[in-house]
Colleague: 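Encoded as C-alpha cells, here's the structure I'll be asking about.
So you know, we letter chains A, B, ... as the sequences are listed, proteins then strands, and number each from 1. Given the structure is predicted, the values throughout are model-derived calculations rather than measurements. Atoms considered below: every heavy atom in the structure, side chains included; atoms not considered: hydrogens, waters and symmetry mates.
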Amino acid sequence: MNDPFDLSDEPVLPPAQVGGAMPWLNGLNPEQLEAVQTTEGPVLVLSGAGTGKTRVLTTRLAHILLTGKAKPWNILAVTFTNKAAREMRERVGALVGGAAEQIWLGTFHALGVRLLRRHAPLVGLETNFTILDTDDQLRLLKQVMEAEGIDTKRWTPQSVMGVIQRWKDRGLGPDKASGSDAGDLAGGKTIGLYRLYQERLLTLNACDFGDLLLHCLTLMQNPANKDLLAELQRQFRYIMVDEYQDTNVSQYLWLRLLAQHHRNICCVGDDDQSVYSWRGAEVENILKFERDFENAKIIRLEANYRSTPTILKAASGLIANNAGRLGKTLRPGRKDAESGAPIVVRGLWDGEDEARWVVEEIEALQRGGSSLAQIAILVRAGFQTREFEERLVTTGVPYKVVGGLRFYERQEIRDALAYFRVVAQPADDLAFERIFNLPKRGLGDASLQSVHLLARHQGVPLFEAARRIVLTDELTPKARGTLARLVEDFDRWRGLVPNMDHGELAATILDECGYTAMWQKEKTPDAQGRLENLKELVSALEEFESLGGFLEHVSLVMENDEQTGLDRVVIMTLHGAKGLEFDNVFLPGWEEGVFPHSRAVAESGAKGLEEERRLAYVGLTRARKRVFVSYAANRRIYNQWQTSLPSRFTAELPEATVDRLAERGMFGGVPDQANAWAQDWASVTRGAPRRGDPAPAVAAPSGAFAPGTRVFHQKFGYGRVIAVDGNKLDVAFDKAGEKKVIDSFVQEA
DNA sequence: GATAATCCGGTTTTT
DNA sequence: CCGGATTATC
C-alpha cells in the first residue's frame, strides 16, 4: 500500500466543477462526492474516523431530495442514537428545509416502534403496548424463572437474559433459537424460559427493546403479511444506514428485507471502530453486504480532516496490529497540515500520581489558551472516573462526567413513571408491582402473593385482580382496606385523564399517592434533589401531547439533556466518546488488565483483544491536536494494591510518533503481576449445581364448587360452601366463620 | 412486615 | 472497599 502520508498525488476536485447548479455539493472531496452522487444501487461507504461521514450522509440525503429522485417519505435513514438522528435531521433541514421533517429518520428502535404501532395486532400486541426497560425485563424474567422452579442464584436472570438477547440480536424467536447456545444454563431450560418470557410479554401487552426489531422482522417474514411487506419495500426507495459496523443480525435482516425491491441501500461504517460486539453487533455484516448485494459499490473515505498527521500515524500503526481488517488507511486531508506534537506516553507511580499529572497538563493547556470544553479524559471503565474527579475538585477545574445514571433511570423517576404507567395502561403488571407498596402502605409480600395468585387463576392483570380481591376476605382487613383505596385512587385518576391537563394530573397523582410526602419526610441529603427531579419530570411531561406520548418518549429516548456550551473538561468512557472530537485527549489507565481489559481478553480471546485495540484506535482518533497516554505502575483496586504493566498498546504506537516519559526502573522485576491480576479478574464463580425445587402446585381448577361442598382454604382451614357467585364463594369456615373467598384459593376437601 | 446482618460481586451501553 | 440484594431477626 502507498505511504498514507504521501500527499503529493492527491487530485482535489475544484469546487467550481460541481458548484453552481448543485451548490450543496460544494466543498466535498472526490470520494465524498462519489458517495453522495452514487444514489442508485447498493453502496458501501467505508469511512474512517474523521473523514466526514456525517457530512456525506446528510448531503446524500439532501441530494436525493433536491434532485427530485424521491419524496421525503420514500427515504429511510437509520442511526444508532437519538442524538445522531436529531443531528442528521437538523443538518438535512438546513439544506432542504421543512421536507426533512417527513423523512423516515430515526434509530432502529424508534422506526421499529413506528411500524409496530401501526401493525401491532399482526404480532399479537395491542397498539398501546408498553416498552419495558432493562429493570422490568429482568424482574419479569426472574418471575418466569421462579415459576419454573429454577434456582435464580445458580443461574442469574441476567445471564439468562443475556442469552435471550443474543438470540433476539440474531433475529431468532423461541422457535428458531438453538438450545446449544445456552449450554446447561438454567439446567438446559433456557429456550423454554425464552418462550414463556415472550408469552408473558404478550399477555402484558409489552415488548422489550429487542422485540421492537424482532417483532418487525417476524411480521415482515410472515408470508401472511406479504402484501404489507411489498408495500413497505415499494415505499422506501432509498435507504441509508449510519454506523453500519454496529448493526446486529436482526437489524441487518430488517434492512435487507426492506431494501429488496429498490435495492438502493447505502451503508456507512468503519470496521476499525466496531466496539459493540459484546452487545450483539457483527462486523461481519459488512462482508455479508458485499455478498447479498451483488455489484455493491465500495467507496473508501480515507482523507481525515480532524487529527494531526502524527496522531493519524500513531492510530494507523496501532490498528495495523489487528488481523482481518478491510484495509483502509487514514491520510491527512489537508496538504498543509503541520505534523503536530508527538503523543505523550507517560508512566506514573500510581493512580493518584496519574490524576495529578493529567490535571497539571490540563492546567498547562488552559494556560496555553485551550478551552476546557476542548479537553477530554477518556477512560476504559466507569470506575476510573473517580480519581480524576477528586483531583479536578481539589484543583477547582470545572468538569462534567458524561454517562453514568441517566435522568430516567433514577429511582424516583422510575417510581413516578410506574404510577403513570398504571394509569395509562391498567395491564402493566410490572409497574403495578413496583408501586404496590410504595410509598409503604402496609401491603407486603403476602398480599401481593394473593393478588398474583388470583390474577393467574382468572387470567387477568394484577390491577384487575386487586379490584376483585378486595371484594373478598382473602386479605387481612387492614390490607383489604388499603388496597381498596389504592384501586379507587387509580380509578379516580383515570377519570381525570380526559379533563385535566396531564402535567397537573401527574402532580396530583404524585401528591395524592403520598409519594411526594415520602421524600419530604426523608431526611437524607439527596431527598431534596429527588423532589427536584420529580418537579423536572412533571415539567418535561407538560411538553408532550399526552401521557402515552410521554411514556413512549421516555422508553425510547432515555438521555440526559446535557447543557452544552459550558466550559468544562469532559470525562467519559471510550465507548461514549465514539463519534465525538476534541482538541486534546487524555487516555489514562493504559495498563494490562485495565486496557486491554483482562475480562475482554479472558472471555473473547484474540477477538476480544482486537476489539480493545479498536477502542484504543477510537480514543486516539478523537483528538484533533494532542494526545496524552498514561499508565500507573501501581493501582488500588477493591482496596488492594496491584502492580501492573504498561498496556501492550503503548508499545504498538510507532516510535516516531511518541514521546515516552517514564521514570527509570519503575517496571523492574514484576513480570508476572499483570498475569496474576488478569487471572484474578477472570476467575469465574462456579458452584455445584443444585436441582431447583419444582414449581409449587396450583390449587384445583375453578368452577367445581356447588353449595354444600366441603372445602379447604390455606388460611381459613376447613369449611362448607354456602353460596356461589361466579368465581366468588361464600364459605362458612369451621374456625374462621363466614368469609367471601375466590374459588381458586380453595380445594375440595 | 419492617429493619439489621451478611454475602456477593464488581467492563463497555443504546435503545 | 462499597453497594445491592437477599437473609435473619425482632
Side-chain angles (χ1 to χ4, degrees), chain A residues 78-85 106-113 131-135 137-139 142 152-153 156-159 162 165 168-169 207-214 243 246-248 250-251 274-281 378-386 402-406 408-409 411 437 440-449 476 478-479 482 552-560 572-579 589 593-604 608 611-612 614-616 618-619 636-641 680-685 687:
Chain A
V78 201
T79 63
F80 268 83
T81 64
N82 291 298
K83 196 176 160 203
T107 62
F108 275 102
H109 298 267
L111 294 166
V113 174
I131 302 161
L132 301 187
D133 59 30
T134 323
D135 225 60
Q137 283 177 47
L138 285 175
R139 280 197 296 149
K142 192 172 176 212
T152 52
K153 289 219 187 77
T156 63
Q158 283 90 336
S159 59
Q165 255 160 1
K168 291 189 176 183
D169 287 341
C207 272
D208 64 22
F209 279 109
D211 287 335
L212 296 178
L213 294 163
L214 189 61
E243 304 278 12
D246 288 336
T247 50
N248 59 37
S250 171
Q251 290 161 337
S274 156
V275 291
Y276 283 108
S277 72
W278 49 274
R279 212 165 72 185
L378 307 182
V379 297
R380 175 63 182 85
F383 70 83
Q384 291 174 268
T385 63
R386 212 201 66 241
V402 177
L405 247 208
R406 277 158 299 180
Y408 294 114
E409 280 171 353
Q411 184 196 338
N437 190 31
K440 300 247 161 68
R441 49 171 72 89
L443 292 174
D445 239 23
S447 307
L448 184 60
Q449 284 315 311
T476 62
K478 199 166 145 256
T482 309
E552 173 147 328
H553 166 82
V554 166
S555 46
L556 285 177
V557 192
M558 290 260 230
E559 65 190 338
N560 277 335
M572 63 173 116
T573 64
L574 286 159
H575 283 92
K578 200 162 132 239
V594 174
F595 190 39
H597 200 285
S598 52
R599 218 163 132 177
V601 181
E603 281 169 19
S604 314
E611 183 148 321
E612 295 286 296
R614 289 194 290 271
L615 207 44
V618 167
R636 198 168 49 181
I637 297 212
Y638 307 138
N639 220 29
Q640 272 196 311
W641 281 98
D680 207 41
W681 273 82
S683 69
V684 179
T685 45

Colleague: For Asp445(A), answer base if it contacts any base atom (sugar-phosphate contacts may also be present), sugar-phosphate if it contacts only those atoms, and nothing otherwise; contact means non-hydrogen atoms under 4.0 Å.
Modeller: sugar-phosphate
Colleague: Using a cut-off of 4.0 Å on non-hydrogen atoms, how would the nucleic acid contact of Gly210(A) be classed: base, sugar-phosphate, or nothing?
Modeller: nothing
Colleague: Measure up the His575(A) and Tyr276(A) rings against each other and bin them: parallel (under 30°), tilted (30 to 60°), perpendicular (over 60°).
Modeller: tilted
Colleague: Can you confirm whether Lys578(A) sits close enough to Asp246(A) that some side-chain heavy atom of one is under 4.5 Å from a side-chain heavy atom of the other?
Modeller: yes
Colleague: If the cut-off is 4.0 Å, is Asn437(A) near the phosphate of dG1(B), judged by side-chain N/O to OP1 or OP2?
Modeller: no
Colleague: Contact between Met572(A) and Leu378(A) at the side-chain level, heavy atoms closer than 4.5 Å - yes or no?
Modeller: yes
Colleague: Counting C-beta onward and ignoring hydrogens, is there a side-chain heavy-atom pair between Val78(A) and Gln251(A) closer than 4.5 Å?
Modeller: no
Colleague: If stacking means aromatic ring centre less than 5.5 angstrom from the base's six-membered ring centre, planes under 30°, is Trp278(A) stacked on dT12(B)?
Modeller: yes
Colleague: Please identify each residue that fulfils salt bridge (Lys or Arg N to Asp or Glu O under 4.0 Å) with Arg139(A), with sequence neighbours left out.
Modeller: Asp136(A)
Colleague: Is the shortest heavy-atom distance from the side chain of Leu556(A) to the side chain of Leu212(A) under 4.5 Å?
Modeller: yes
Colleague: Looking at residues at least two apart in the chain, or sitting in another chain, which of them share a side chain to side chain donor-acceptor pair (under 3.5 Å) with Thr107(A)?
Modeller: none
Colleague: Could you give the CZ-to-P distance, from Phe80(A) to dT14(B), as a whole number of Å?
Modeller: 13 Å
Colleague: Measure all distances between protein nitrogen or oxygen atoms and nitrogen or oxygen atoms of nucleotides 8-10 of chain C, and list the pairs falling under 3.5 Å.
Modeller:
none

Colleague: For the pair made of NE2 in His575(A) and C1' in dT15(B), what is the distance, rounded to whole Å?
Modeller: 16 Å
Colleague: So which protein nitrogen or oxygen atoms get under 3.5 Å of nucleotides 4-6 of chain C's nitrogens or oxygens?
Modeller:
from, atom 1, to, atom 2, distance (Å)
dT6(C), OP1, Lys142(A), NZ, 2.9
dT6(C), O3', Lys153(A), NZ, 3.4

Colleague: Let me know the distance between CD of Gln165(A) and P of dT13(B), rounded to the nearest Å.
Modeller: 15 Å
Colleague: Picking from dG1(B), dT11(B), dT13(B), which would you name as closest to the side chain of Ala600(A)?
Modeller: dT11(B)
Colleague: How many whole angstroms separate atom OH of Tyr276(A) from atom P of dT11(B)?
Modeller: 17 Å
Colleague: With a non-hydrogen cut-off below 4.0 angstrom, is Gly382(A) in contact with a base, only sugar-phosphate, or nothing?
Modeller: sugar-phosphate
Colleague: Rounded to whole angstrom units, what separation is found between the CH2 atom of Trp641(A) and the C1' atom of dC1(C)?
Modeller: 13 Å
Colleague: Report yes if some heavy atom in the side chain of Asn437(A) is under 4.5 Å from a heavy atom in the side chain of Leu448(A); otherwise report no.
Modeller: no
Colleague: Quick one: Arg386(A) CZ to dG10(B) C1', roughly how many Å, whole number?
Modeller: 14 Å
Colleague: Examine dT14(B): is either OP1 or OP2 under 4.0 Å from a nitrogen or oxygen in the side chain of Asn248(A)? Give yes or no.
Modeller: no
Colleague: If you go through the side-chain atoms of Arg380(A), does one of them form a donor-acceptor pair with the base of dT12(B) closer than 3.5 Å?
Modeller: yes
Colleague: Test of understanding: with ring pair (Phe, Tyr, Trp, His ring centres under 6.0 Å), list the residues that count as partners of Phe108(A), not counting sequence neighbours.
Modeller: Phe80(A), Trp254(A)
Colleague: Can you figure out which of dT15(B), dT3(B), dT14(B) approaches the side chain of Lys440(A) most closely?
Modeller: dT3(B)
Colleague: Go nucleotide by nucleotide along DNA chain B from the 5' end; which of Gly442(A) and Gly576(A) gets its closest nucleotide reached first?
Modeller: Gly442(A)
Colleague: Is there side-chain contact between Leu574(A) and Val618(A), with heavy atoms separated by less than 4.5 Å?
Modeller: no
Colleague: Would you mind telling me which of dG1(B), dT15(B), dT12(B) lies closest to the side-chain atoms of Phe209(A)?
Modeller: dT15(B)
Colleague: With P as the reference atom in both, quote the distance from dT13(B) to dC2(C) in angstrom, rounded to an integer.
Modeller: 23 Å
Colleague: Using salt bridge (Lys or Arg N to Asp or Glu O under 4.0 Å) as the criterion, list what pairs up with Arg386(A), not counting sequence neighbours.
Modeller: Glu390(A)
Colleague: Looking at dT15(B) and His109(A): do their rings stack (centroid distance under 5.5 Å, interplanar angle under 30°)?
Modeller: no
Colleague: Please confirm whether the shortest side-chain N or O distance from Thr107(A) to OP1 or OP2 of dT14(B) is below 4.0 Å.
Modeller: no
Colleague: Rounded to the nearest angstrom, tell me the gap between atom CZ in Arg441(A) and atom C1' in dA2(B).
Modeller: 16 Å
Colleague: Counting heavy atoms from C-beta on, name the nucleotide in dT13(B), dT15(B), dT11(B) closest to the side chain of Thr81(A).
Modeller: dT15(B)
